[in-house]
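Keep in mind the model is a prediction, meaning the values are calculated, not measured. Every chain is numbered from 1, with letters handed out A, B, ... down the list of sequences.
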Protein chains: 2
Amino acid sequence: MDPHLLRTYVTVARLASFSAAARELGFTQSAVSQHIAALEHDLGMPLLSRRPVAPTRAGERLLEHAGSLLLRLEAARADLARMAGEPAEELTLAASPLAVRPDALAALPVSRATLRVLPREEIPVAVAKGSADLGLVDGLAAPSDPLRLPDVAPLTATGVAEEPVAVVLPDGHPLTRRPGLRLADLVDARWLDAPEAGLPLDQLRAATATARGFRPALRYEGTDIRTLIGLAAAGHGLTLLPLAPARAYGTVAVPLTEPRLVHRTELLHTGVLRGPAEELARRLQSGP
Amino acid sequence: MDPHLLRTYVTVARLASFSAAARELGFTQSAVSQHIAALEHDLGMPLLSRRPVAPTRAGERLLEHAGSLLLRLEAARADLARMAGEPAEELTLAASPLAVRPDALAALPVSRATLRVLPREEIPVAVAKGSADLGLVDGLAAPSDPLRLPDVAPLTATGVAEEPVAVVLPDGHPLTRRPGLRLADLVDARWLDAPEAGLPLDQLRAATATARGFRPALRYEGTDIRTLIGLAAAGHGLTLLPLAPARAYGTVAVPLTEPRLVHRTELLHTGVLRGPAEELARRLQSGP
DNA sequence: TCTTCTTACGCTCGGCGTAAGTATC
DNA sequence: GATACTTACGCCGAGCGTAAGAAGA
């Protein structure tokens, strides 16, 4: 279970070829063969079927383990490396689309900073790997509950903002008049499926015992919120957004009152913060 | 960052001695010295201060990473090993104290089974490492929300039971008459601190923005629920328990209505279930 | 027959133990 | 000076590449 062997294993599995993996890793194909043989011998079972090269059942399972193992290994190295060098002049902030609020933008230093917008799940990974110094993630949670983040490495999360969530309705929709909406009112509605730009609807599923999942309508794969709101306003389906951006373009959005959920933003970082990263973190936390 | 080196490192750090670690690991003390030197060279920084042997700041951080890393490595091996051998006759069920309900006990096979009661946090670890085939964990959650479990390895969790939670009150307590209690009514109360037997109060803290933590009273370190109830009935402090056990001994317990939380029990297992484990899992899931 | 993985074999280097060295209590 | 970690050095084995072998398309 040497990480080197695991690394070759996942590469072989991904490329479905010993020789291609060898090229990518800079080994001879013989070495790759020996790696796999060693791993299979160590675990006492075949991991790959040959011709065509495909993981066995056990191999599939190993891939799940290996992924997070190698990620954590990389995270540990990156974390320690950050402690060694000097405070680092340049700064990278990774944020999910809805986590970027005006006050966060105001806190950014004018130069030597990069703002990288990524899908929600990739934020913790980016911070863990060290490809970002700080992360801003958003999500749905009960008021003052922490977000459910995949713990990909020992990261520290601190809440920086909470605000109500609202359902964006097309102009003239019958529910427009209401001051607040319950999710139960909307079980028959069609929802926009926007995994990158919108809020994760699957977190709502648990809350609504009545609804057996959400009926998806159009799917939007971009990260632009304005487009998402446009789609909702055009009647392609409902979408859930934090109240402020939901109403930013003059669209009609009604707060969601039941279940009681808030849009929460958390700041993610590793153990020690120094230099510009520390400065930015302080400003983001005291910001709103 | 070879796992062998990490293992040596955590051992040295734990024992605060190179030579003691060498004895425990079956190496010469010279080899241990070389391991640490190799690790420090690889990461480019000192990890341990010598005389006395103690982790540096970076070393402390590495310990956090190394712990979960080695655990996951062990979990991966155990998981794969379980897929290889035959379905295994003996069966071990690890459960937290409050997860063991009468219906779970009824589902247990009469022989060749072990029921191991452990503190809540150790259940996922036991299942991951393979020292238990199945796990039953309990905790507090919003209705039909999954529990927040530390993801120590790719485990599958399925809900098996949910029931109301109640506050155990001493006889004659002023709040006894009420049909239901809100946590806000109880912020001034003293709570029993029973991390192993009781429910995790820290999960409540987030829910009560008003209360700045709970005022702890007596601390109980055992796992026996009857004792815990006895302490509460004797007026040593309040305690939170699932409704049924809370009232099992004729004690006064009032359901908690706000925040809306349930006592949830989940079944934990790894990817594939075979033999008696599969049988038991099915019975536990359909049980209540 | 060509491609692709496996096996044989030799070489090199990593890693362990023995033993000598060094620093701290 | 005793204890505990480090360094020197030699030996063995792990792991890589070259090259030959086997098996499927």
Side-chain angles (χ1 to χ4, degrees), chain A residues 1-60 62-63 66 69-70 73 76-77 80 84, chain B residues 1-60 62-63 66 69-70 73 76-77 80 84:
Chain A
M1 293 265 299
D2 182 340
H4 282 103
L5 303 187
L6 283 180
R7 201 166 62 98
T8 30
Y9 171 68
V10 298
T11 312
V12 170
R14 175 165 50 84
L15 300 174
S17 158
F18 282 56
S19 15
R23 275 192 297 278
E24 182 170 313
L25 295 169
F27 284 120
T28 59
Q29 167 257 35
S30 160
V32 170
S33 195
Q34 293 177 54
H35 280 182
I36 302 301
L39 199 58
E40 290 183 324
H41 176 80
D42 178 26
L43 294 171
M45 68 192 81
L47 297 169
L48 292 169
S49 68
R50 325 294 154 101
R51 268 175 232 280
V53 173
T56 62
R57 269 179 72 81
E60 293 277 11
L62 181 60
L63 280 177
L69 259 164
L70 294 174
L73 213 55
R77 167 164 266 122
L80 278 269
Chain B
M1 292 265 299
D2 182 339
H4 283 103
L5 302 186
L6 283 180
R7 199 168 62 99
T8 312
Y9 171 67
V10 298
T11 311
V12 169
R14 174 166 50 84
L15 300 174
S17 158
F18 282 55
S19 15
R23 275 193 298 278
E24 181 171 313
L25 296 169
F27 284 120
T28 59
Q29 168 257 35
S30 159
V32 169
S33 195
Q34 294 177 53
H35 280 183
I36 302 300
L39 200 56
E40 289 182 325
H41 176 79
D42 178 26
L43 294 171
M45 69 193 81
L47 297 170
L48 292 169
S49 68
R50 325 294 153 99
R51 266 177 235 275
V53 173
T56 61
R57 269 180 72 80
E60 292 278 9
L62 181 60
L63 281 176
L69 219 50
L70 294 174
L73 213 55
R77 180 175 293 276
L80 279 268

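- For B:A31, whose side chain is taken as the heavy atoms from C-beta onward, the closest listed nucleotide among D:dG17, C:dC16, D:dC5 is C:dC16.
- With rounding to whole Å, B:I36 atom CD1 is found 17 Å from D:dA4 atom P.
- What you find for A:V12 and A:A21 is that their closest heavy atoms are CG2-CB, 3.5 Å.
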Footprint string (nucleotides 20-25 of chain C, 5' to 3'): B base within contact, S backbone only, - free, heavy atoms under 4.0 Å: ---BBS
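- A:S30 contributes a side-chain N or O that forms a donor-acceptor pair with the base of C:dT7 under 3.5 Å.
- Distance A:L5 CG to D:dA14 C1': 11 Å, rounded to the nearest Å.
- A donor atom on one side chain and an acceptor atom on the other are found under 3.5 Å apart for A:S30 and A:Q34.
- Considering only residues two or more places apart in sequence or on other chains, A:E40 meets the side-chain contact (heavy atoms from CB on, under 4.5 Å) condition with A:I36, A:P46, A:L47, A:L48, A:R50.
- Set against C:dT4, C:dT7, C:dC16, the side chain of A:Q34 has C:dT7 as its closest nucleotide.
- Atoms NE2 (B:H4) and P (C:dG14) sit 17 Å apart, rounded to a whole Å.
- Taking every heavy atom of both residues into account, B:L62 and B:L43 meet most closely at CD2-CD1, 4.0 Å.
- Annotation: of the two residues near DNA chain D, A:V32 and B:E40, the 5′-most nearest-nucleotide partner is B:E40.
- Closest approach of A:L80 to B:M45, counting heavy atoms only: O-CE, 3.0 Å.
- If you take CG of A:L39 and C1' of D:dG15, they are 15 Å apart, rounded to a whole angstrom.
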Strand DNA chain D in bracket notation, Watson-Crick/G-U under 3.5 Å with | for pairs to another chain: |||||||||||||||||||||||||
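- A pairwise comparison of heavy atoms in A:E60 and A:Y9 identifies N-OH, 4.2 Å as the closest pair.
- A close approach under 4.0 Å does occur between a side-chain nitrogen or oxygen of B:H35 and OP1 or OP2 of C:dC16.
- Across A:T11 and A:E24, no two heavy atoms sit closer than the pair CG2-OE2, 3.8 Å.
- If you take CG of A:L47 and C1' of C:dC5, they are 16 Å apart, rounded to a whole angstrom.
- Although no hydrogens or angles enter the test, the distance criterion places a donor-acceptor pair under 3.5 Å between the side chain of A:S49 and the main chain of A:A54.
- Among the heavy atoms of the strands lying under 4.0 Å from A:S33 is at least one base atom, whether or not backbone atoms are also near.
- Of all the heavy atoms in B:L6 and B:A66, the pair that sits closest is CD2-CB, 4.2 Å.
- Atom pair B:F27:CZ and C:dT18:P shows a separation of 13 Å (rounding to whole Å applied).
- B:L15 places its CG atom 15 Å from the C1' atom of D:dC5, with the value rounded to the nearest Å.
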